[in-house]
Student: 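The structure's right below; bear with me while I get my questions together.
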Amino acid sequence: MERALFLSFALTAIVAALNVLWRRHPLHSALALLVVLGALTGLYILLGAYFLAVVQVIIYAGAILVLFLFVIMLLNIRAEEARLERRPIFRWLAVPFALLLGAEIVYLVRVFEENPIPSGTSIGVTEAVGRELFTTYLLPFEITSIVILIAILGAVVLARRG
Amino acid sequence: MDVVVEAVVKIVVVFGIVLTFLAYLALFERKILGWIQLRYGPNRVGPWGLLQPLADLLKFLFKEDVRPMTPNPLLFSVAPILSLVPALMTYAVIPFGDRIELFGREIALYITSVNVGLLYLFALSGLGVYGIVLAGWASNSKYSLLGGLRSAAQLISYELTLTLSVVGVLIQAGSLDLVEIVRAQSGTYFGLIPKWHVFWYQPLGFLLFFIAAVAETNRVPFDLPEAETELVAGYHTEYSATKFAMFYVAEYANILAVSALATTLFLGGWNGPGVERMPLLGVFYFAAKTAIFLFIYIWLRATLPRFRYDQLMRFGWKVLLPLAFANIVLSSAMAVIA
């Protein structure tokens, strides 16, 4: 049962992710991304990481992707895609990044094969995540909040200028 | 196996009751509007118009499904479903009552109780935006597009207040599980005032939650996405027949869900006198409290004019949001003191 669910979620995620790249229309790509996020949510739930599953839907699907849609709809982007295609440098840049990402995946799989997380640990539950964030990872957490604050101020400044 | 059967039965029962109630909610709304405006309201179909929902249903099913010329017929059809499904999924975590004895086994009067229940609800409310935005876009009509965009901006703005207004409740109850939140509100202070969050100490949180909830459900005075004087009918201008009915049901499903949630978070859910001895009584308390909110919703619609768009945004960002932050600071301070 669990394996069947895993396979169906994983397959959905991959097919939808390919669709994000292949679709010509930016809105269709954005919707394919929504499907990817949904499939990932399913995978998180299978892992028992309920908090991550839900938070991912709230933030990525509920906020960020809606903003994507908003921008696509407001600007009615069509001309943009033709322009980007003509810059070959983006295609060549993709190769080293893809290699880097592949290497990271292989490394992570190796690491977790050697010392897997024992099943039944509650890593993704609200309390566990909160405790970790405010003890072990306090500094990165606070730095992230400052970065976000700066980004908000930057957005306000840019909007004022325009 | 028993667990699966129990879950399926519960889901069927809850959805049966909820969907029937939603049909009648529309009738009650028209009746109450009529009463407030000194008219009769629907009274032709059946006694006191009680069969009106049935007639409406038949009408929606058999009407012609008019489609606009759109480059995205698939999205046009999927949008109402995207709007309805999240609205109905909310009922999975709402606790209608405590555990009761039935047929010799203990049955909980909620479909499920997850430890991220409240976040799950916020995730669903975030997904509800898609149906409206995509409907506006796929309709290939200016009124629909403007309605969809307005709606997206409004929902994102008020979602912040909605989420932040509940943080106080979380601090006080110490759980994201709705059942635990209701349990935390049982009992009384000095044997008189119930320990509901609205009395002590989340009155501000309650007010913010309710205002933001009205905005989230696109209701008067925040019904700009479908402001008929400017936008014909907003995002669902081009919809007809069954697809229109889906938007219609989704709107009422959201209203009912938000009212039930306000009851759960702030008015003590199923708590009331005598519930410890007779758990089934809790369902009636829950229904009565929810009904108060539903009445207020309709009352608002009958009495208030609509906000202008810039007023709506200013109110959301410059009044409600700072108050919500203040409420979090206050709640944290109270938690530390207590």
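Throughout, a chain's letter reflects where its sequence line sits, starting with A, and its residues are numbered from 1. Just so you know, these numbers use all the heavy atoms, side chains as well, and skip hydrogens, waters and symmetry mates. Source: prediction; values computed, not measured.
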Student: Of all heavy-atom pairs between Tyr120(B) and Val54(A), which one has the smallest distance, and what is that distance?
Tutor: N-CG1, 3.5 Å
Student: If every non-hydrogen atom of Leu119(B) is compared with every non-hydrogen atom of Ile58(A), which pair is closest and at what distance?
Tutor: O-CD1, 3.5 Å
Student: Do Leu27(A) and Leu75(B) have side chains that get closer than 4.5 Å, going by heavy atoms?
Tutor: yes
Student: Look at Val129(B), Leu127(B), Leu149(B) and state which one has the largest set of heavy-atom pairs under 4.5 Å with chain A.
Tutor: Leu149(B)
Student: Check each atom of Leu31(A) against the heavy atoms of chain B and say whether the ones under 4.5 Å are side chain, backbone, both or neither.
Tutor: side chain
Student: Considering only heavy atoms, which portion of Leu134(B) lies under 4.5 Å from any heavy atom of chain A: side chain, backbone, both, or neither?
Tutor: side chain
Student: Report the C-alpha distance between Tyr130(B) and Leu69(A) in whole Å, list the side-chain angles of each, state the deciding distance to 0.1 Å, and finish with yes or no for side chain to side chain contact (heavy atoms under 4.5 Å, CB included).
Tutor: CA-CA 9 Å; Tyr130(B) 284 98; Leu69(A) 284 191; 3.6 Å; yes
Student: In terms of heavy-atom proximity below 4.5 Å to chain A, should Leu155(B) be classed as side chain, backbone, both, or neither?
Tutor: neither
Student: Look at Thr41(A), Leu65(A), Leu67(A) and state which one has the largest set of heavy-atom pairs under 4.5 Å with chain B.
Tutor: Leu65(A)
Student: Counting only heavy atoms not in Glu2(A), do more than 12 fall under 6.0 Å of its CD?
Tutor: no
Student: With a 6.0 Å cut-off (strictly less than), is the heavy-atom count around OH of Tyr309(B), excluding the residue itself, greater than 12?
Tutor: yes
Student: Measure Ile156(B) against the heavy atoms of chain A and call it side chain, backbone, both or neither at under 4.5 Å.
Tutor: side chain
